[in-house]
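If you're wondering where the values come from, they're calculated on a predicted model, not measured in any experiment.
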Number of protein chains: 2
Amino acid sequence: MSNPFFMPKGVAIIGASQDAHKLGHGVLRNLIQYRYKGGIYPVNHKAYEILDHTCYPSVSEVPDPVDLAIIVVPAHAVADSLKECGERGIGHAVIVTGGFSETGDEGKKREEELLAIAREYNIRIVGPNCIGTIDTHTPVNTTFVVGMPEPGEIGFISHSGAMVAAIIDWASGSGIGFSRIVSLGNQIDINETDMIRSIAEDPNTKVITGYIEGVADGMQFMKQAKETAKEKPFLMLKGGKEESGAKAVASHTGALAGSTEAFKTAFRHSGIQEAETIEEMFEWARAMAWQPLPKGNRVAVLTNAGGPAILAVDALEKNELKMATLSEDTKSFLKKRLPKAASINNPVDVLAGSGPGTYTLALEALLSDDQVDAVVVIQAPQDWFLPVSLAEVVGEVAGSHDKTVITSIMGKASVEDALKILQKRRIPNVAFPERSASVLSAMIDRRNWLTHADTEIGSPRNIETDKADKAVQMQDWQSLLELYGVRFPEQHIASTPDEAVAQFKKIGSSVAIKLVSDDISHKSDVGGVILGVNSEDEVRSAWTRIEKAVKDHGGTMKGVVVQEMVDDAPEVITGFVRDDQFGPMVLFGSGGTDVELYKDVDMAIAPLSATAALDLIQRTRIHKKLTGWRQYPEGDIESVVDVLTALGQIAIDYPQIKELEINPLSVLAKGKGSVALDVRGAII
Amino acid sequence: MSNPFFMPKGVAIIGASQDAHKLGHGVLRNLIQYRYKGGIYPVNHKAYEILDHTCYPSVSEVPDPVDLAIIVVPAHAVADSLKECGERGIGHAVIVTGGFSETGDEGKKREEELLAIAREYNIRIVGPNCIGTIDTHTPVNTTFVVGMPEPGEIGFISHSGAMVAAIIDWASGSGIGFSRIVSLGNQIDINETDMIRSIAEDPNTKVITGYIEGVADGMQFMKQAKETAKEKPFLMLKGGKEESGAKAVASHTGALAGSTEAFKTAFRHSGIQEAETIEEMFEWARAMAWQPLPKGNRVAVLTNAGGPAILAVDALEKNELKMATLSEDTKSFLKKRLPKAASINNPVDVLAGSGPGTYTLALEALLSDDQVDAVVVIQAPQDWFLPVSLAEVVGEVAGSHDKTVITSIMGKASVEDALKILQKRRIPNVAFPERSASVLSAMIDRRNWLTHADTEIGSPRNIETDKADKAVQMQDWQSLLELYGVRFPEQHIASTPDEAVAQFKKIGSSVAIKLVSDDISHKSDVGGVILGVNSEDEVRSAWTRIEKAVKDHGGTMKGVVVQEMVDDAPEVITGFVRDDQFGPMVLFGSGGTDVELYKDVDMAIAPLSATAALDLIQRTRIHKKLTGWRQYPEGDIESVVDVLTALGQIAIDYPQIKELEINPLSVLAKGKGSVALDVRGAII
């Protein structure tokens, strides 16, 4: 499917200028200079010819074929130009001109006018107030920015024109090639979400990157992004942390689910990997475009010096990668081939005197070892062989295996030629060995996401809908959750000591016995509550004591409540909150009153499959405690997964519930389930 | 004080070689090529002349003055060469040759031999198995590595020779200049600690950096480092995370104080700032060498584009820097001078059309504003003026103020000339605006450290030494801590109801009344413990109930204990542990049983001044809770400071105590002190 923003048949430049200082000149210059092969039609009624191209007085006179207009006339004249494009049958326009909604109300009105024209004539618009589009393979460059990135496999979508300009300039010195680039400007028509598919469907694009400051429609964004991320790596830098402001929240869950966390959650859900810095994003992108994803997290380091290898290992371990344990075969081969003093354990140190030949043998051995998923090849500068030779052999050996290889040929002045070879051979190089860790870690994250991107939500529970509807209406959260299978402490009323004993036996654990009385209100003050009752005798004795206490205070006793005592078990918080942009999100983490202090919580988009629920639980620190850490017995994580999926389903079934929170949920030992001790909620 | 390793009067190269592939040739070549001006004396009995320099058959024949020998002969011949140096009266030697302790026991023996010779002849040694030393100002380069960094203000000490080689190569392309560089090798004589002062005392060195993998003597290292850091910024990259292994620990404190944490604590104590990556270290170093430290953390951002400024602001705020609130004067000036659509609030956006003139006016206004401590100047690439012009004006304007200025002139291909100007004008540039945050944050950390680097320890408490000695001997930790002023719950014995009432009044808060009896052991089971007693009447009634309960069980009552009930208050953990390398360290953090799960703890070297104790408390998350966060009343932080300083003093006073831990320490509301609820300790 041809997309005229990136593969136009002919381009009209409305506002093309003779004046080399004007944007309308820059756009024309770029189209010509960067060798766009279709028709280039400057439109300017004051000129006959610009840069050797015939100038047309009006777009109506531009010859066929033409399917894209770049509009660079002053703001007040844009509407007329757009209308003329419509009349001429041009269906796509990049509006470079600024001076619209970014400047205030008047500009906002102008945008509305443009949008009306676009709808009338069925024109798709990028901009206004943008830098334009680039496709390095077509090639076409509709921007006025000096420079053109090398053709490559990375697509880039940006809310900031300046970021596009900066990246074009930076890329040309960095060995990072691009496929398609788009600056979205004010997005009156096409927004970041619309653009995702245009980039993803491009066969030259292997990785999608983006700088965004927000999304137009959270749900739509997640849908498009997830579909895309299943096919190609999707990396994002998010600018601007929106303040949660004075938002009134009913629960910890609400307080913890700020906009930043919501974006992180939506990104993770969609398979978008969020980078911290521009460099990090493109370092990841390059590795993903060039190398296969590692099949596991066992990394071997091959080096000619100790210090740099130590830095790499430190960083790898910090990023939860594992140092591969080499097989005996590999070790005995290395022992035979490497210098006597070399280290044949991982990291493999071939020592300073070894050259490309030794590196070749060692790399081949490591890549052939089943215990190794990825290799980081480090070369500290030395004088007795050219780094280019190492680059060549690493490229060659890596190319005959299907494993991830990253190099760190260190230095700057002496290694430029080697970096060019690596680029040609598609081996990503990091300037310092410690940076290999972030790259490998991002690749493994992607592999992990892919393995459960398609997990089913699971068949929804059978709920007694009438009862649930009523519970929601009454805001009776306990009943609602019980209908969805969440357990609260078991309790029964007993009107005789025998009944109380029977209930105690039914519960089958330590119980509390609590007075039921119409005329005594502060039951514990009068001795009407007895905790930790553990035997039939104790039940009977409790009954007697309560009976006596009631008599002493001149009240009447209707009976007792026999209530399950919940063991001293780890307490978690869970709930859901409805984000303005991305809809309902389920939260999970360390519970209790200090939840906002430690913020050991994470979120996932509702509804949740059991796999997604388990993944959410595993992202928190409290998970360690639930797996039987230190003095704690192994907790019933399965029951927690049930509670999380139930909450996810409630969030979908009842959109009128704004927040719902269980805190604490007491997680009992494996096999014993989990018990909700308190719940609160709020209706929208 | 002249140091022959960096300012030799004459250098003998023992093992100088004709063969361009040998290290002994490289060393000679570097001395000559990098223009060492003293005598250069190759020693080789097989040659008459190498590289136009007269060759001497033996070091004994080398003419005066000569005070440094570079030894590059094979390992087995090093001892003889060193002895000859001794005979000749050369007091300093760099032993480049490898093949010593790094290869095993035989090599280790050779090292011992060398050290004996060195001691006999009073020779100081760098190495063996090292790359040597560089002073770019002398200039002298005793290494064989190709390349010489530009003269600059950064000193670098390294345990890894490869790191030195990599950095020499990298620096030459990065605009980072060095003063002195040393590769320490196997450190048989001079180690990292000895070398600190040699680097620090060099007037050309403004910042000391280092890559170390361990320290020879922790206490000595901290002493030298702290003295140095008070004078000059001291930055460090630590390689290798030593495993704490199967160390037996008696407490949470022991488990939490691993080797990595100990190094971090020792570094912080000494004023060493630990960088995460090589780039980060040198980015910090350059900024500290070139720019004044900011006086506060209020940052203004000056930009010509929105996106990059957003990334900078996000990163600054994440690093706990504050966006400066500009004064009205500044804003009205900017309003007058900047384009109409410009943003005059921080970040100040001069818009894409503005040139160096507008930047000049805006930067001058920001630097003149009392509300601003530092300015980050961002330029996204544009076509209508040269980045060099911006570099010039920023350098000029910044030079006339005493505030921190960092630029981010973005791009690569188009900005190389601008970067050279910035280098000349001593303005640090970061390739991407978000990286300014880590630099400014490190500078502010240094300023903060300097403000309390000299805080006094405070006069030691007057302790009844006899009693304390005895308490330690008995391992009676409660008594010991009480002698040092730590409070435990108050309790008194009463043998009549009247006495109990008197004790209750004395305690002045809610109390527990507990039976004292010789013949009843499970006191709470028989009703012998009554909690939450709040009035005189309740005390008397409690007495009566206990008396009755004792009678019912046929026991005897000697009286009761009236014990202070500690309010439900935030619980912290504190204690000290003795690190093998750095001695006693006081730990503080969130208390309770989950302390190892959240690891909200930090440490400081003992003894602690009150300021250092407060600083330690403020580094933890629980600090927020103690300052009156959410539902919590303001806690008695002063009393916690007292406990921490007491623990620090005990650690010094009783070196035989290995670990001592209070967990939990209940921090009551301000003015009410804090109470130790449990304590454990261990003797070495």
Mutual orientation of the aromatic rings belonging to B:Tyr598 and A:Tyr598 [parallel < 30°, tilted 30-60°, perpendicular > 60°]: parallel
Pair count under 4.5 Å, heavy atoms only, with chain A: among B:Ser158, B:Gly98, B:Ser414, B:Gly306, highest is B:Ser414
If you take all heavy atoms of B:Ala305 and A:Ala162, which pair is closest and at what distance? CB-CB, 3.0 Å
Distance-minimising heavy-atom pair for A:Gly239 and B:Ile310: C-CG2, 3.4 Å
Ranked by heavy-atom pairs below 4.5 Å to chain B, first place among A:Ile168, A:Val313, A:Thr277 goes to A:Thr277
In terms of heavy-atom contacts, does CG of B:Asp552 have more than 12 from other residues, nucleotides or ligands at under 6.0 Å? yes
Would you say the side-chain atoms of A:Asp169 pair up with the backbone N or O of B:Pro381, donor to acceptor, closer than 3.5 Å? no
Nearest atoms (heavy-atom pairs only) where B:Asp314 meets A:Gly240: OD2-N, 2.6 Å
The salt bridge (Lys or Arg N to Asp or Glu O under 4.0 Å) partners of A:Glu192 (sequence neighbours excluded) come to none
Of all residues at least two apart in sequence or in a different chain, which pass the salt bridge (Lys or Arg N to Asp or Glu O under 4.0 Å) check with A:Glu276? B:Lys318
Within the supplied structure, the quantity of interest is the number of heavy atoms (other residues, nucleotides, ligands) at a distance under 6.0 Å from A:Asp105 CG; does it exceed 12? no
Of the listed B:Pro308, B:Ala352, B:Gly104, B:Ala315, the one with the largest count of heavy-atom pairs under 4.5 Å with chain A is B:Pro308
Tell me, yes or no, whether the heavy-atom count around B:Lys412 atom NZ, taken from other residues, nucleotides or ligands under 6.0 Å, exceeds 12. yes
Would you call B:Glu279 and A:Phe432 a side-chain contact if the rule is heavy atoms closer than 4.5 Å? yes
For B:Leu23, is it the side chain, the backbone, both, or neither that has a heavy atom closer than 4.5 Å to a heavy atom of chain A? side chain
Contact winner vs chain B - A:Ile278, A:Asn304, A:Leu311, A:Ile167, heavy-atom pairs under 4.5 Å: A:Ile278
Winner by heavy-atom pair count (cut-off under 4.5 Å) against chain A, out of B:His159, B:Met410, B:Met163, B:Lys340: B:Met163
Heavy-atom distances under 4.5 Å only: say whether A:Ile622 touches chain B with side chain, backbone, both or neither. both
Honestly, the part of B:Thr303 sitting under 4.5 Å from a heavy atom of chain A is neither
Flag the one option from A:Arg435, A:Lys624, A:Arg621 with the top tally of heavy-atom pairs under 4.5 Å to chain B. A:Arg621
Mind ranking B:Pro570, B:Ala166, B:Ala380, B:Ala431 by heavy-atom pairs under 4.5 Å with chain A and telling me who comes out on top? B:Ala166
Rounded to the nearest 0.5 Å, what separates atom CG in B:Leu597 from atom NE2 in A:His623? 11.5 Å
If you draw a 6.0 Å radius around CD in B:Gln33, do more than 12 non-hydrogen atoms from other residues or ligands fall strictly inside? yes
If you take all heavy atoms of A:Ser160 and B:Gly307, which pair is closest and at what distance? OG-CA, 3.5 Å
